[in-house]
Number of protein chains: 2
Amino acid sequence: MSSESLATRGGTTSAQVRKDLSFFGSFGKRGLGYPVADLAGKLRDILGLNRRYRLAVVGAGKIGSALVRYRGFRQRGFDIVVMFDSDPAKVGGEVEGMPVRDAERIEDYLTADPVDMGVIVVPGDQAQRVADRLVGCGVKAILNFAPAPLAVPDDVALKNVNLALELEALSFALANR
Amino acid sequence: MSSESLATRGGTTSAQVRKDLSFFGSFGKRGLGYPVADLAGKLRDILGLNRRYRLAVVGAGKIGSALVRYRGFRQRGFDIVVMFDSDPAKVGGEVEGMPVRDAERIEDYLTADPVDMGVIVVPGDQAQRVADRLVGCGVKAILNFAPAPLAVPDDVALKNVNLALELEALSFALANR
DNA sequence: GTTTGTGAAACGATTCACAGCT
DNA sequence: AGCTGTGAATCGTTTCACAAAC
């Protein structure tokens, strides 16, 4: 498949596809294009997707429970293995078959049974403290849904998702036409 | 408040804050900084946040129902007013008090009761069709959770959210340290 | 003395365009 | 003839640094 057809499918340009791929190596053949199955396999290696990841979700609220229920994560190799909340009414209960553990005991659980990534789904004012504790437990990757900028050490990967902010960006687009 | 303290709170730099604000006008006083309440009000005007927006959610699956339950949207001025699904088992039912309408009748509902934004939470292979129909109903802003690149006219604002992709980015970071 | 607003410089990312391989 | 891989050119964004305003 040519960089041009890959680009069309991915919503980008052929030059972009070639430049991006060339950063990691030379995967295509001139005059022929890229061998798709082969390329996909190599990209999965580069992205570290040929293994499963263990995730802890902190926060059993609306978004947290949706993530536990969402099948897409498991399908792609991301297993939510433990869930925490600080609300006594939720601790001890279940969310879609997943027991809700006491957030005060994060260290106990994650020391006994370490995870690869943490997902923060708590109110903004609690997010930094949760992040600190996850980092303290050796978590090296955090997905943060809380609307607060988190400070983490350089060796911890951090991605932020802010749904309200996405809607506000759409609001701006609508307000300026 | 100075651009420096705004920057610290926002996780950016003072030069960035000043450049970004200067794009829209001159809001501060030299030697003094920015009047916070005043600035916030002006930014809300610029972002079009001094009104409420009506949203349609298409897809009553795991993520779709979480969005309906999530209070953050309503708090920030985004009201989900109608929900659609194509699964006959779901149509006619409710998700957190929100009736689920037949996705085949999107046009009927949105013509009678127009919305400002559409949220697409359907499987990837149905997303483009849903987007086309929303656009046909005059929707000018779309938030897409489906893992598919959508084509929409230039005058329609589009934002994509792909949660699995965020996790894969963390995977890449972990695999390359 | 402090801090903004903004040209200019530096940086990074995208696009161009073509030599070189199939 | 077709398509990659990649330097060079272009474009957009971020950072620098300082005159002007308070």
Side-chain angles (χ1 to χ4, degrees), chain A residues 1-47 149-152 154-155 157-162 165-166 168-173 175-177, chain B residues 1-47 149-152 154-155 157-162 165-166 168-173 175-177:
Chain A
M1 184 174 282
S2 69
S3 57
E4 182 57 40
S5 36
L6 288 170
T8 303
R9 296 200 183 203
T12 180
T13 66
S14 60
Q16 188 74 74
V17 169
R18 293 199 303 279
K19 255 285 191 285
D20 285 0
L21 291 178
S22 79
F23 181 81
F24 294 105
S26 181
F27 304 109
K29 284 228 187 315
R30 295 173 194 227
L32 277 179
Y34 299 87
V36 176
D38 205 58
L39 177 61
K42 294 206 172 98
L43 289 179
R44 290 186 64 80
D45 283 342
I46 290 166
L47 293 170
L150 297 185
V152 295
D154 283 349
D155 68 334
L158 173 67
K159 293 288 274 181
N160 293 291
V161 175
N162 189 331
L165 214 54
E166 305 287 344
E168 294 185 356
L170 290 178
S171 166
F172 175 63
N176 295 276
R177 65 177 60 261
Chain B
M1 185 175 282
S2 69
S3 57
E4 183 56 40
S5 37
L6 288 170
T8 303
R9 297 200 182 203
T12 180
T13 66
S14 60
Q16 188 74 74
V17 168
R18 293 199 303 277
K19 256 283 192 282
D20 285 359
L21 291 178
S22 78
F23 181 80
F24 294 106
S26 181
F27 304 111
K29 285 234 187 312
R30 296 174 194 223
L32 277 177
Y34 298 87
V36 175
D38 206 59
L39 177 61
K42 294 209 171 94
L43 290 179
R44 291 187 63 82
D45 283 342
I46 291 166
L47 294 171
L150 297 184
V152 295
D154 283 348
D155 68 334
L158 173 66
K159 292 289 274 181
N160 293 291
V161 175
N162 189 332
L165 213 55
E166 305 287 344
E168 294 186 356
L170 290 178
S171 166
F172 175 62
N176 295 275
R177 68 177 58 259

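Predicted, not measured: the structure shown is a model, and the values here were computed from it. What you see below is based on every heavy atom in this structure, not just the backbone, and it leaves out hydrogens, waters and symmetry mates. Numbered from 1 within each chain, the chains take letters A, B, ... in sequence-line order.
- Here the side chains of A:Leu39 and A:Leu21 are in contact, with some heavy-atom distance below 4.5 Å.
- Considering every non-hydrogen atom in both A:Arg18 and A:Ser3, the closest pair reads NH1-OG, 3.1 Å.
- Within the 4.0 Å cut-off from OP1 or OP2 of D:dC3, not a single side-chain nitrogen or oxygen of A:Ser2 is found.
- Side chain B:Arg30 to base C:dT4: a donor-acceptor pair is found below 3.5 Å.
- For the helix from C:dG1-D:dC22 to C:dT22-D:dA1, the rotation axes defined at the first and last 5 base pairs enclose an angle of 0°, given to the nearest 10°.
- Side-chain atoms of A:Ser171 come within 3.5 Å of backbone atoms of B:Leu47 as a donor-acceptor pair (strictly under, hydrogens ignored).
- For the 3.5 Å distance criterion, the side chains of B:Ser5 and B:Ser2 qualify, holding a donor opposite an acceptor.
- Here the closest heavy-atom approach between residue B:Ala157 and residue A:Ala173 is recorded as CB-CB, 3.5 Å.
- Across residues 4-25 of chain B, B:Arg18, B:Lys19, B:Ser22 each have a non-hydrogen atom less than 4.0 Å from an atom of DNA chain C (numbered order).
- Residues A:Ser14 and A:Ala7 share a closest heavy-atom pair of N-CB, 3.5 Å.
- Here the side chain of B:Tyr34 is nearest to one of C:dT22, D:dC22, C:dG5, namely C:dG5.
- Contact record, A:Leu6 with A:Tyr34: CD1-CD1, 4.0 Å, taken as the closest heavy-atom pair.
- Between B:Leu32 atom CG and C:dG5 atom P the separation is 11 Å, expressed in whole Å.
- For the pair A:Phe27 CZ and D:dG5 C1', the interatomic distance rounds to 12 Å; values are reported in whole Å.
- Between A:Gln16 and the options A:Thr13, A:Asp20, A:Thr12, a side chain to side chain donor-acceptor pair (under 3.5 Å) holds for only A:Asp20.
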